[in-house]
Each structure stands twice: as C-alpha cells, then as structure tokens.
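Read the structure below first, then the notes.
This structure is a prediction, so every number in the text was calculated from the model and none was measured.
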Amino acid sequence: HVAYYDSSLDKQQKELFILQHDLAYAIKKNQLGLFYQPVVSIDKDAVCSAEALIRWEHPTRGFLSPQDFIPLAIKAGLLSHITWWVLDNVCQHISHWKKEEKWNLEYVSFNVNAQQFVENDFAREFLKKLREYGLKTNDIMIEITERSLIDNFDNTEDVINELRRQGVKCAIDDFGIGYSSLSYLKKLSFHTLKIDKEFIKNIESNPKEVHLISSILDIGRQFNYNIIIEGIENEQQQEMLRELDPKLRYQGFHFCKAIDVEEFGKRFLQ
C-alpha cells in the first residue's frame, strides 16, 4: 500500500485545531453572541415567537455561524458549556423584556443536542435555571435536531417526556433530512414540528415538492403538532404554503434574517 502526503489536508487540519483551541476561550473573551430570528404566522406575518441563534465573532475570521463551529465544540467536549451559556443569556433577555413590559412573544426557542439530555440531570438543571430568572416553563422551547434525536432516542425519551410534563415545550428541528422515523412522533410528547428548508427551496418550479410538503403537513396535523416551515425566502413560497395551510408559521429571510438582540427588541417588542 502506498500513500501520498497531501499538504492541503495538513493545512486544513491545523486550521481546525487552531479554531478548536480558540473556541475554548470564546466565552471567557466575550466573543459569543445571540441573534434572534422571528417566527411569524403565514397568513398575516404576525410575530408569534423567536429562535435564538448563537454566533461567534472570531477575532480574525469574523462572524461564524453554528455549522462552522458546533461540530468542533462536540469533538472538543465544549458543547454542554456553550448550551448552558445560550440558555443563561436567553433567560437574561426574556427577564429583561418582561421587566420592561415589552414581552409579547409566546416563547423563545433554542437548540439542544439530544445527547446532552443524559448529561448532568438536564431536566432538573434546566428547570432550576428558569426559576433563577423567575420565568415560566412555557417561556422557552427546546429544539432538538432530528438527527441527534435518532442517535440518542432510547436515552432521551424519559427526559423529553418529563420536560413536557413540567410544561416545557419541545420541538423537532430540521425534520425530514435525518433518519426520519414516525415512531418517535408517536412516542414522544412534542409541541412543534419544524420542517427543514430543503423541502421548499424548489417548491415554485417542482410540483412534486408541493405534494411532498402537503403529505408532511398531513402527518404533523395527525399528531396535533404546531408546524413551522423553515427557510422561506420569497413571497411565492409563502403564498403556496399559505394555500396548503393558513395556520402555518414560518421563519426565513423573506420576513427577517436573524438580528442582534437590540435590533430585535426595537423592531418587534415595542
């Protein structure tokens, strides 16, 4: 067997190692920040809730989105630390909005990898954090990506159901792009189904995608889920989905991209 050294791969690996090293100090150096993207009704564009999205302002690379550094955080064992940082900041923002009498959302959601549910008694610590800030259990919704849910299904079922019993909303995020299984829709007490943007990006030009998204909506309604469509980018997509179900909610660049907490407050919480 013969193998050839590839300098480009070596360079790429070194860059990832440096980035991983920098990530370990990102919280201490105040480089992480939260952006909020509104979730709106598809018929009237009324803001109902919001999703909190983490951004990393790297000193040399600028703003990095979660897909750029969350995989590194998982490998480095930093994901749990980042998740609790996000929750703490979301709680701070909601508490501030309530004190200012600006709070008019149903909830704010944020993403949690399902493997964290089996670490450090997640449900108890999550509820404790809400009490520290005087928040209600329905003020924050936990989004769980479908892929991480499937990979950790047996270990997370009890935790998710316990959170729901305590009044915490849970959502399946990016539904349809992982290893979709209808069994967990039946077994787990989810509140919301978020349909991935891959299913609608060509909906204007491909009639088959309309039939597919319609079938997914039917499944969601059978289980009494609230349904959010991700990634709507133009008015035509919105109109076609409104015709399928006027009770849908959506998020995407068509209404508003993710914006920082100050701008979100000024635009949507006055």
Side-chain angles (χ1 to χ4, degrees), residues 34-55 86 89-111 130 135-144 164 167-176 190-201 203-204 210 213-214 216-270:
L34 285 185
F35 282 54
Y36 288 86
Q37 185 172 40
V39 177
V40 299
S41 61
I42 204 162
D43 57 340
K44 298 180 180 179
D45 277 347
V47 176
C48 308
S49 58
E51 180 180 3
L53 299 163
I54 190 171
R55 296 288 187 269
V86 171
N89 280 265
V90 169
C91 288
Q92 287 182 35
H93 294 155
I94 295 176
S95 178
H96 173 73
W97 290 331
K98 286 190 173 187
K99 288 177 182 177
E100 296 289 321
E101 297 185 349
K102 296 178 179 180
W103 175 252
N104 59 4
L105 303 176
E106 294 177 16
Y107 58 82
V108 169
S109 66
F110 80 109
N111 202 283
L130 297 186
L135 303 185
K136 299 178 181 179
T137 53
N138 60 0
D139 287 335
I140 296 180
M141 183 170 75
I142 296 173
E143 297 189 15
I144 309 156
R164 285 302 311 274
V168 179
K169 300 182 179 75
C170 293
I172 302 175
D173 191 22
D174 296 338
F175 179 78
F190 284 99
H191 174 273
T192 297
L193 193 67
K194 298 189 72 173
I195 298 176
D196 189 77
K197 61 184 179 183
E198 285 295 318
F199 289 99
I200 67 157
K201 67 179 183 179
I203 196 171
E204 311 100 299
V210 178
I213 197 73
S214 179
I216 296 174
L217 294 178
D218 287 339
I219 292 171
R221 286 190 289 262
Q222 289 293 322
F223 289 98
N224 296 316
Y225 284 120
N226 293 299
I227 302 175
I228 297 174
I229 308 290
E230 298 178 293
I232 291 183
E233 296 184 351
N234 58 61
E235 187 172 350
Q236 187 176 358
Q237 290 176 339
Q238 181 184 3
E239 182 58 34
M240 293 179 72
L241 291 165
R242 183 194 290 124
E243 291 178 0
L244 291 178
D245 188 347
K247 295 182 180 180
L248 289 174
R249 296 179 178 184
Y250 79 94
Q251 61 189 102
F253 283 12
H254 174 56
F255 182 82
C256 182
K257 65 178 182 180
I259 53 181
D260 65 51
V261 61
E262 291 186 9
E263 184 179 355
F264 181 84
K266 290 178 181 178
R267 290 180 59 178
F268 303 115
L269 297 181
Q270 295 297 332

Once you round to the nearest 0.5 Å, how far does CG of D245 lie from CG of D43? 9.5 Å

Within-4.5 Å side-chain heavy-atom neighbours: V210 and M240: yes

With side-chain contact (heavy atoms from CB on, under 4.5 Å) as the criterion, how do I200 and E233 come out once you've worked through the C-alpha distance, each side chain's angles and the decisive distance to 0.1 Å? CA-CA 9 Å; I200 67 157; E233 296 184 351; over 6 Å; no

So, the side chain of S49 versus the backbone of E106: is there a donor-acceptor pair under 3.5 Å, distance only? no

Aromatic ring pairing W97/F264, orientation class (parallel under 30°, perpendicular over 60°, tilted between): tilted

Taking the basic N atoms (NZ, or NE/NH1/NH2) and the acidic carboxylate oxygens, is any pair closer than 4.0 Å for E51 and K194? yes

Kindly compute the distance separating NE2 (H191) from CD (E143), expressed to the nearest 0.5 Å. 12.0 Å

Please check: side-chain N/O of R242 versus main-chain N/O of I42, any donor-acceptor pairing under 3.5 Å? yes

Is the shortest heavy-atom distance from the side chain of V47 to the side chain of L269 under 4.5 Å? no

So with a 6.0 Å cut-off around NZ of K197, is the heavy-atom count from everything else above 12? no

Assess whether atom CD of E204 is packed by more than 12 heavy atoms of other residues, nucleotides or ligands within 6.0 Å. yes

Among L53, V86, D260, V108, which residue meets the side chain to side chain contact (heavy atoms under 4.5 Å, CB included) test with L34? V86

Contact check, side chains of P38 and R267, non-hydrogen atoms, under 4.5 Å: no

Set out, in order, the CA-CA distance, both residues' side-chain angles and the distance that settles side-chain hydrogen bond (donor to acceptor under 3.5 Å, both in side chains) for Q251 and Q37, then state yes or no. CA-CA 7 Å; Q251 61 189 102; Q37 185 172 40; 2.9 Å; yes

Can you tell me how far CG of D173 sits from CD1 of I195, rounded to the nearest 0.5 angstrom? 11.5 Å

Are F190 and I144 side-chain neighbours, meaning at least one heavy-atom pair lies under 4.5 Å? yes

Side-chain heavy atoms of L193 within contact of F223, under 4.5 Å: no

Once rounded to the nearest 0.5 Å, what's the spacing between atom CG of N111 and atom CE of M141? 10.0 Å

Does a side chain donor of either H254 or Q238 reach within less than 3.5 Å of an acceptor in the other side chain? yes

Return the CD1 to CG distance between I227 and L248, rounded to the nearest 0.5 Å. 6.0 Å

I'd like to check the salt bridge (charged side-chain N to carboxylate O under 4.0 Å, His left out) partners of D218; sequence neighbours left out, ordered by chain and number. R221

Tell me, with the steps shown, if D45 and F255 meet side-chain contact (heavy atoms from CB on, under 4.5 Å). CA-CA 8 Å; D45 277 347; F255 182 82; 3.9 Å; yes

For the OG atom of S41 and the CZ atom of R249, what is their distance to the nearest 0.5 Å? 7.5 Å

Looking only at heavy atoms, what is the nearest atom pair of A50 and L105, with distance? CB-CD1, 4.2 Å

Pair N89, V261 - check side-chain contact (heavy atoms from CB on, under 4.5 Å), show working. CA-CA 10 Å; N89 280 265; V261 61; over 6 Å; no

Heavy-atom distance under 4.5 Å between the side chains of F268 and I259, does that happen here? yes

Step by step, would you call Y107 with V168 a side-chain contact (heavy atoms from CB on, under 4.5 Å)? CA-CA 10 Å; Y107 58 82; V168 179; over 6 Å; no

Contacts of Y250 meeting ring-ring contact (aromatic ring centres under 6.0 Å, His included) (sequence neighbours excluded), chain-then-number -> none

With heavy-atom distances below 4.5 Å as the criterion, would you say the side chains of L130 and D139 are in contact? no

